[in-house]
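Notes for the one structure printed next.
Fair warning: this is a prediction, and the values are worked out from it, not measured in the lab. Atoms within a ligand are numbered from 1 in the order they appear, just like the ligands themselves.
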Amino acid sequence: MEFMKGIFITFEGIEGSGKSTQTTLLCAALENLHYKVFRTHEPGGPPIAEEIRELLLNTKNKEMLPETELLLYSASRAQHTGEWILPALKDGKIVVCDRYYDSTFAYQGAARSLDMEFIRILTDFATYHTNPDLTFLLDLSVEEGRKRIKNRYPDRLESEKDEFHQCVRNQYLALAREYPERFVVLDGSLPKETIHNMVLTKVLDYIGAQCEL
Ligand code: TYD
């Protein structure tokens, strides 16, 4: 099934909140229902954006300044949005993206204390004013998130202190309050099948509402 204009769905949350799992489950369920789905993630996507991802996450880049970090996430997003996301949406696909610009407001804006107004302007530029239709925030305590990722080698941002991740979580919740029309906050500590059912129900409701327009 195709839409006149695609649907843009994003997943957000701290490390270990289950975004990738839910992205996988949602894409599989939608494909089973014969929707055209395009799965992707940030930072990264097309080759240029993946090279920027490597710079951003490499633990050897300890000297990276917050300003550089913000510009690199934004550069990666511009390439990703222009090269992959916009064409997929134009093609009527359901684009499901693991993290998008809300991550920048949470990590670089809140946790790195960079100017939110400037991030807003930069984000509009880097996304060609492309906004998600639905954003699922998988809310989880920092402690629980840490437990879940303890077996993987931490990247540059995962290596940050608990207060950093607490700041990220609080900012996500603040964003969800600010943009209730697109955010759906789910308890990330629930079983993955329960969360998946809630996500799928919401997405199918949204699609149904679009078809009635
Ligand atoms: P990734 O391995 O994709 O993380 P996860 O599996 O936890 O989603 O690494 C992405 C890291 O980049 C993660 O720590 C969050 C961070 N990030 C930002 O700081 N700003 C951003 O705009 C984005 C998209 C990610």
Checklist entry - For Arg53, is the nearest heavy atom under 4.0 Å from an atom of ligand 1? => result yes
Checklist entry - Do any N or O atoms from the side chain of Thr123 and from the backbone of Ile119 form a donor-acceptor pair under 3.5 angstrom? => result yes
Next on the checklist: Are Phe8 and Tyr100 an aromatic pair, judged by ring center distance below 6.0 Å?
Outcome noted: yes
Item to check | Cation-aromatic face contact Arg182/Tyr179, 6.0 Å, 45 degrees | outcome: yes
Checklist entry - Does the salt bridge (charged side-chain N to carboxylate O under 4.0 Å, His left out) test come out yes or no for Asp133 and Lys5, once each step is laid out? => result CA-CA 11 Å; Asp133 297 299; Lys5 169 196 159 299; 3.7 Å; yes
Checklist entry - Okay, side chain of Thr24, backbone of Ser20: is any donor-acceptor separation there less than 3.5 Å? => result yes
Next on the checklist: Heavy atoms only, cut-off 4.0 Å: how does Leu56 contact ligand 1, side chain, backbone, both, or neither?
Outcome noted: neither
Next on the checklist: When you measure from the side chain of Ser103 to the backbone of Arg99, do you find a donor-acceptor pair of N or O atoms at a distance under 3.5 Å?
Outcome noted: no
Next on the checklist: Applying a heavy-atom cut-off of 4.0 Å, say which part of Asp155 lies close to ligand 1: side chain, backbone, both or neither.
Outcome noted: side chain
Checklist entry - Can you check whether Tyr107 has an N/O within less than 3.5 Å of an N/O in ligand 1? => result no
Checklist entry - Considering only heavy atoms, does Lys19 approach ligand 1 within less than 4.0 Å through its side chain, its backbone, both, or neither? => result side chain
Next on the checklist: I'd like to check whether Tyr100 has a polar contact with ligand 1, where a contact means an N/O of the residue lying under 3.5 Å from an N/O of the ligand.
Outcome noted: no
Checklist entry - Under a 4.0 Å heavy-atom limit, does Arg152 contact ligand 1 with its side chain, its backbone, both, or neither? => result side chain
Checklist entry - Among protein heavy atoms, which sits nearest to atom 20 (N) of ligand 1, and what does the distance come to when rounded to 0.1 Å? => result Gln108 OE1, 2.8 Å
Checklist outcome for this item: The protein heavy atom nearest to atom 11 (C) of ligand 1 is Leu57 CD2, 3.7 Å
Checklist entry - Counting heavy atoms only, which of Arg99, Arg156, Glu12 comes nearest to atom 8 (O) of ligand 1? => result Arg99
Next on the checklist: Can you report which non-hydrogen protein atom sits closest to atom 22 (O) of ligand 1, along with the distance?
Outcome noted: Thr104 OG1, 2.6 Å
Item to check | Donor-acceptor pair, side chain of Ser74 and main chain of Leu70, under 3.5 angstrom | outcome: yes
Next on the checklist: Yes or no: does Arg77 have any heavy atom under 4.0 Å from an atom of ligand 1?
Outcome noted: yes
Checklist entry - Under 3.5 Å, is there a donor-acceptor pair between the side chain of Arg156 and the main chain of Leu56? => result yes
Checklist outcome for this item: among protein heavy atoms, the one nearest atom 25 (C) of ligand 1 is Tyr73 CE2, 3.4 Å
Checklist entry - Closer than 4.0 angstrom: is that true for some heavy atom of Pro43 and an atom of ligand 1? => result yes
Next on the checklist: Just to confirm my output: which protein heavy-atom neighbour is closest to atom 14 (O) of ligand 1, and how far is it?
Outcome noted: Glu15 OE2, 2.3 Å
Item to check | Which residues share a side-chain contact (heavy atoms from CB on, under 4.5 Å) with Lys147, sequence neighbours left out | outcome: Glu144
Next on the checklist: Once side-chain hydrogen bond (donor to acceptor under 3.5 Å, both in side chains) is applied, do any residues pair with Thr104, and if so which ones, sequence neighbours excluded?
Outcome noted: Arg77
